[in-house]
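Taking it in order: structure first as structure tokens, then the write-up.
Whatever order the structure lists ligands and atoms in, that order sets their numbers, starting from 1. Keep in mind that what you see is a predicted model, and the values were worked out from it rather than measured.
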Amino acid sequence: MRYSGLSVLKEGLFGNKGWKPAWREPEPKAEYDVIIIGGGGHGLATAYYLAKNHGITNVAVLEKGYLGSGNVGRNTTIVRANYFLSGNSEFYSHSLKLWEGLELDLNYNVMHSQRGILNLFHSDGQRDAAARRGNAMVNQGDDAELLDREAVRRMVPYLDFEQTRFPIYGGLLHRRGGTARHDAVAWGFARGADMRGVDLIQNCEVTGIDIQDGRVRGVQTTRGPIRAKKVGIVAAGRSGQVAAMAGMRLPIESHVLQAFVTEGLKPVIDHVVTYGMGHFYISQSDKGGLVFGGDLDFYASYAARGNLPMLEHVMEAGMTLMPMIGKAKILRSWGGIVDMTPDGSPIIDRTDVGGLFVDCGWNYGGFKATPASGWCMAHLMATGEPHEVARRFRLDRFLTGHLLDEEGTGSQHNLH
Ligand SMILES: Cc1cc2nc3c(=O)[nH]c(=O)nc-3n(C[C@H](O)[C@H](O)[C@H](O)COP(=O)(O)OP(=O)(O)OC[C@H]3O[C@@H](n4cnc5c(N)ncnc54)[C@H](O)[C@@H]3O)c2cc1C
């Protein structure tokens, strides 16, 4: 069923009785060409592009909960291409271009909104760093504008420009950055993959990985064993645990990252704004809630829930930058388990086990990577070779020391 304005109108007039489920609920088959472990954004996108770009459709996505129950439905929805280092910048640039055509491609409204991202800076040193980052973005073919304090004041007058401790010097504006409705992205990729024949198996936890003579042969699941010629581990915060089933120890630490939303308010924040002196960033959802987040929890954990110390930390930063936020009531908070690498950059690579691939290490920022991660992981699984825009996302950089260290923090929580 194709979605269109006309179909919405027709269904609205006739009681919305004609909508069909957006994907099937198939029973798992005994064998597939490809199994993807993890029905988050990246796993679903991988399955979608395997089918669409490479014609590989005998594919199953195995998800232990329901589709989109992980970080793809828990993030703060920011989409941007403002990376500095070669290796990251071409990848995220490619991803943003995919985002710009995603709704047409999927025939699904993911509410991609290029409302602009403003990264504030608060010192001469930060201004220099922002100028360098902006130049790198422009060199990559993306957009960046360096704004002075007055230009920032005109754009976001509600910030506290009088504060003396961390005065606002200006901001780096990335107009093509913005937000997208996170769970719609999972649903859109799920529907697109299902339409091309991919089996999406929910409530199916992978409990073991079968390896024989150095090659992957399939997986053990809570719904029985399933054979496969190739297996992709795309399990985000659980990547370390799933890889351990194949005897691997990934360079991943899992930490909780929290987010917050206020009650619905009238439109007040038109952009995404990030604070340069505290870990705080904010945007307003289409329902009116102010959506914001901050730092990750400093201890490793698999508990996908919030806690009060980090809540206080983030609220303090929010009040410092934007005192008006103190009038809003927080509606809820939540946590997701993020897969942190030592250099803060991701991994899309083969492993030493034949036919077994990993896509992980997305740190704070994997939502914006969703289309390109799926695109590149599908390319790798189909051809055996890394895609050119993901060629630096190799596992062996942690052996050789050729790191891709964008911020110098990675999983090193005391540096955040
Ligand atoms: C609070 C928060 C805010 C964030 N904000 C942003 C942001 O603004 N912008 C941005 O770019 N990124 C953001 N991120 C990061 C981003 O959400 C993640 O990097 C990204 O979603 C991870 O990829 P995924 O969507 O595939 O993960 P997930 O949705 O977590 O998918 C992994 C799936 O694997 C499944 N799984 C795990 N183990 C098994 C198993 N054994 N068997 C079967 N299935 C299994 C899980 O149930 C899960 O559904 C944020 C994250 C959090 C938590």
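Counting atoms of ligand 1 from 1 in the listed order, those under 4.0 Å from a heavy atom of K368 are 10 (C), 11 (O). Within ligand 1, counting atoms from 1 as listed, the ones closer than 4.0 Å to a heavy atom of G41 are 24 (P), 25 (O), 26 (O). The ligand atoms of ligand 1 that sit less than 4.0 angstrom from a heavy atom of V242 are 38 (N), 41 (N). Near G40, with a cut-off below 4.0 Å to any heavy atom, the atoms of ligand 1 are 25 (O), 26 (O), 28 (P), 29 (O), 31 (O), 33 (C). Below 4.0 Å from some heavy atom of V234 lie the following atoms of ligand 1, by number and element: 32 (C). Atoms of ligand 1 lying under 4.0 Å from any heavy atom of R74, numbered from 1 in the order shown and given with element: 1 (C), 2 (C).
Salt bridge status for D183 with R181: present, with a side-chain N to carboxylate O gap under 4.0 Å. For the pair R223 and E27, the salt-bridge criterion is met [side-chain N within less than 4.0 Å of a carboxylate O]. R115 has no carboxylate O lying under 4.0 Å from a charged side-chain N of D270, or vice versa, which leaves the two without a salt bridge. Using a 4.0 Å cut-off between a side-chain N of Lys or Arg and a carboxylate O of Asp or Glu, R238 and E205 do not qualify as a salt bridge.
The proximity of L62 to ligand 1, defined as any non-hydrogen pair under 4.0 Å, is limited to the backbone. In Q258, the part holding a heavy atom less than 4.0 Å from any atom of ligand 1 is the backbone. Under 4.0 angstrom from ligand 1, there are no non-hydrogen atoms of T370.
Between atom 53 (C) of ligand 1 and the options G336, A45, C204, A259, the minimum heavy-atom separation is to G336. Of the candidates Y92, Y364, W334, the one placing a heavy atom closest to atom 13 (C) of ligand 1 is Y364.
Residue contacts with ligand 1: G365 is included, with a non-hydrogen atom under 4.0 Å away. Residue contacts with ligand 1 do not include G68, since none of its heavy atoms lies under 4.0 Å from the ligand.
Residues F393 and H387 place their aromatic rings such that the two centres sit no closer than 6.0 Å.
Remark: ligand 1 and R238 share no N or O pair separated by less than 3.5 Å (distance only, no angle test).
None of H174, R175, E100 except one satisfies the side-chain hydrogen bond (donor to acceptor under 3.5 Å, both in side chains) rule with Q114; the exception is E100.
Atom NE2 in H122 sits 8.5 Å away from atom CZ in F166 (nearest 0.5 Å).
Closest non-hydrogen pair, P371 versus F189, comes out as CA-CZ, 4.2 Å.
In this structure, atom 44 (N) of ligand 1 lies nearest to the protein heavy atom K64 N, 3.1 Å. Atom 26 (O) of ligand 1 has as its closest protein heavy atom H42 N, 3.1 Å.
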Original post:
Passes ring pair (Phe, Tyr, Trp, His ring centres under 6.0 Å), F367 versus H42? Steps please.
Top reply: CA-CA 8 Å; F367 178 60; H42 293 219; 8.9 Å; no
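Taking the side chain as every heavy atom from C-beta outward, T46 and W375 never approach each other to under 4.5 Å.
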